[in-house]
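Values reported hereafter were calculated over all heavy atoms of this structure, with side chains retained and with hydrogens, waters and symmetry mates removed. By convention in this document, chain letters (A, B, ...) are assigned in the order of the sequence lines, proteins followed by strands, and residues within each chain are numbered from 1.
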Number of protein chains: 2
Amino acid sequence: MASHGARSRSGGRPTLEEVAARAGVGRGTVSRVINGSPRVSDATRAAVEAAVAELGYVPNTAARALAANRTDAIALVVPEPETRFFAEPYFSDMLRGVGAELSDTEMQLLLIFAGSDRERRRLAQYLAAHRVDGVLLVSVHADDPLPDLLAQLEIPAVISGPRSAAETLPSVDSDNYGGARSAVDHLLSRGRTHIAHITGRLDVYGAQRRVDGYRDALRDAGYPPDEGLIAPGDFTEEGGHRAMGELLARNPSLDAVFAGSDVMAAGARRALREAGRRLPEDVAMVGYDDSAIARHMDPPLTSVRQPIEEMGRRMLDLLLTEIADRRPAVSRGLERRQVVLATELVGRSSS
Amino acid sequence: MASHGARSRSGGRPTLEEVAARAGVGRGTVSRVINGSPRVSDATRAAVEAAVAELGYVPNTAARALAANRTDAIALVVPEPETRFFAEPYFSDMLRGVGAELSDTEMQLLLIFAGSDRERRRLAQYLAAHRVDGVLLVSVHADDPLPDLLAQLEIPAVISGPRSAAETLPSVDSDNYGGARSAVDHLLSRGRTHIAHITGRLDVYGAQRRVDGYRDALRDAGYPPDEGLIAPGDFTEEGGHRAMGELLARNPSLDAVFAGSDVMAAGARRALREAGRRLPEDVAMVGYDDSAIARHMDPPLTSVRQPIEEMGRRMLDLLLTEIADRRPAVSRGLERRQVVLATELVGRSSS
DNA sequence: ACTCGCCCGGACAGCGCTTTCAGGCCGCGA
DNA sequence: TCGCGGCCTGAAAGCGCTGTCCGGGCGAGT
């Protein structure tokens, strides 16, 4: 006690203790002011704030983390290689949404890639050390063990794109089903009658939902189910190209395609060109994602837009709630923690 | 003391103390094992490691940071808006290099954008709180106050692209001068005699050096200086377009252009097309950066490649050295902490 | 065999902050 | 006027780990 008074060591930053001395109060009081506790009189608060300003006091994060058992940091985990992260606007939009929402808080955002096995092991270590208060998980496949790890470690997490209808983690997703329906309805309204669908990877729940939406829209319009009009893609351009080839072979009279992603649409477009079909005269096309690819395609591609930035924001909201709720160990009911946002059809000349 | 034995609180993670108890040694000993101190017998070390494994012990970062006064984290600061970060492959390559080098260590990398005023204030707060052990600064303009702030806070930092010849911070750069020379020499070797240059923003030191390299290469080849062949650009496509226009107006007989960046080359290419000049028949062109733009230009652009990933790796090396050296407060001489890496001319059909 | 030196393990004092606890002071009601 | 209840504040106990300082044990030298 006598060994560390209010003297500031050379180059050292001021401590709570020094602020307290300067303001003529105790450490605890300063702490309360800093943390915005209401149990402090206005006069005292003002005095403390003055001292803080004069000394240029900045709290020591490590000490706070140790004492309060929290880190004030959350991680955005991308289970993909870095290259994909930079290639897909999806991630940067998401990041922007999260970042925007986060700038109102004192929280820090960590960006973590978990594409390789090595990176995943590192991440596991990282999470085990509880170096973040919560995790935002984007683009997770059905069989990914990450969510379970998080649950086991009791780390709050929010997932973008539930893994299944029975998703237990809080999640934010866009309305894949509705988006697909709107795409098909649009094509129908254009007078198209033979509408095919190129699916995404079916181990991604959202891709399944798009198929469901496609089927239901056709059924509701009086078209009997025809599995021959559905071809599996894998979200790649090459997959889209191949799928389109199959579809054309099976359905010569096909006059429209709903592709499960813009990238696949680009592949399909190539296949159509090779087959001598004109867009949109012979075959109309609608994509999904409304990415840059859609805008730059020739002709520009009608596509279903997802509010990705908004999704990022909502994910962060959910996560912060989750973290706050967990703090005093209140156990909440299984209220609705699955958010679904509406999509929007962006019409262009491909349809 | 009696208040916290080796009992693990419900859900709590094991502590050093518990590991020590299990291994039958003292806390300090376990700490030494964890930190790889040599002053521990093999038998003891084995016992401790076994205990660590059995308990699944993971050190508490906050406690360690507090006691050791370090964070084991460094920041990559990008003084640009996020959009530019994603748009320019420069940053992602840099990130990849740093990330690769970092994965051998226990250090954590933080990505921080400081494009807006608001973000910069946040960053200042962040640095003031000493939440990182060091900073990697990329793409800094001559008048940026960030380096000074870092110096004042005594935070180790490494800069990519020195601000001037008198840069005091450790830095890693590519050989802008040599790169420019190689570009001009290449054009000369192709038999071109009227070679113009579109510069980058001259408040970026690297852009100045490219101008120097351009001038010297021509001078050494026996061409007298001709300022009319130099037009200022600003690293944007529009700037390149405008500069090319000026150059053509001033020098009708011009037969080659060395552009200070690929983006400007794209703008210049547009101006050439508008003027009815063919590439490379009428005018040969060389760009700088060897970015995707160069590969996709029509015709593909010859460009000077910088080893960006390597630069990222070297920057991290320098920073870690810097951090390590500062720890025991050894003051080192002003040895060479400015690394310059060689560039490489990538030939394509534009020249 | 005895002593000196060396190496290893344990104890202890914090690192700076949060948070509980209890006491002091004031105001209000009786 | 006295007593009781509240609110505000100060004190103190850690949070889990690091790093220094000692003491003890063991091997080697004479």
Exercise. Is there a side-chain polar atom (N or O) of A:Thr29 under 4.0 Å from OP1 or OP2 of D:dG10?
Worked result: yes
Seminar exercise, completed: Correct closest heavy-atom pair for A:Pro14 and A:Leu55 would be CG-O, 3.5 Å
Problem set entry | Nearest non-hydrogen partners of A:Met107 and B:Arg122, listed with the distance | O-NH2, 2.7 Å
For this session: Just compare C:dG9, D:dT18, C:dT18 and give me whichever is closest to any side-chain atom of B:Asn35.
Result: D:dT18
Problem set entry | Distance-only donor-acceptor test (3.5 Å): side chain A:Arg32, base D:dG10 | yes
For this session: List the atom of A:Arg131, the atom of A:Ala73, and the distance in Å for their closest heavy-atom pair.
Result: O-CB, 4.4 Å
For this session: Could you tell me whether A:Ser31 contacts a base, only the sugar-phosphate backbone, or nothing, with contacts defined as non-hydrogen atoms closer than 4.0 Å?
Result: base
Problem set entry | B:Arg163 versus B:Asp144, closest heavy-atom pair with distance | NH1-O, 4.3 Å
Seminar exercise, completed: Ranking C:dA13, C:dC15, C:dC8 by distance to the side chain of B:Ala67, first place goes to C:dC15
Seminar exercise, completed: Whole-Å distance, A:Arg131 CZ to D:dG16 C1', equals 15 Å
Problem set entry | Protein-nucleotide distance (A:His130, atom NE2; D:dC15, atom P), rounded to Å | 17 Å
Exercise. Tell me: CG of A:Asp72 to C1' of C:dT18, nearest whole Å?
Worked result: 13 Å
Problem set entry | Taking every non-hydrogen atom, the tightest pair across B:Arg120 and B:Ala114 | NH1-O, 3.3 Å
For this session: Before accepting this row, confirm whether a basic side-chain N of the pair B:Arg22/B:Glu18 lies closer than 4.0 Å to the acidic partner's carboxylate O.
Result: no
Problem set entry | B:Thr15, nearest nucleotide to its side chain (from D:dG16, C:dA13, C:dC17) | D:dG16
Problem set entry | Between P of C:dC17 and CG of B:Asn69, the distance in whole Å | 12 Å
For this session: Calculate the interatomic distance between B:Asn60 atom CG and C:dC17 atom P; express it in whole Å.
Result: 17 Å
For this session: In whole angstrom, give the distance that lies between atom CZ of B:Arg27 and atom P of C:dC8.
Result: 21 Å
Problem set entry | Atom-to-atom span, OH of A:Tyr57 to P of C:dG16 - whole angstrom | 10 Å
For this session: State, to 0.1 Å, how close B:Gln108 and A:Tyr126 come at their nearest heavy-atom pair, and which atoms those are.
Result: OE1-OH, 2.7 Å
Exercise. Near DNA chain C, which residues from residues 42-52 of chain B have a heavy atom under 4.0 Å away?
Worked result: B:Thr44
Exercise. Between B:Leu66 and A:Ala68, who's closer to the 5' end of DNA chain C by nearest nucleotide?
Worked result: B:Leu66
Exercise. Rounded to the Å, how far apart are B:Arg13 CZ and D:dC15 P?
Worked result: 14 Å
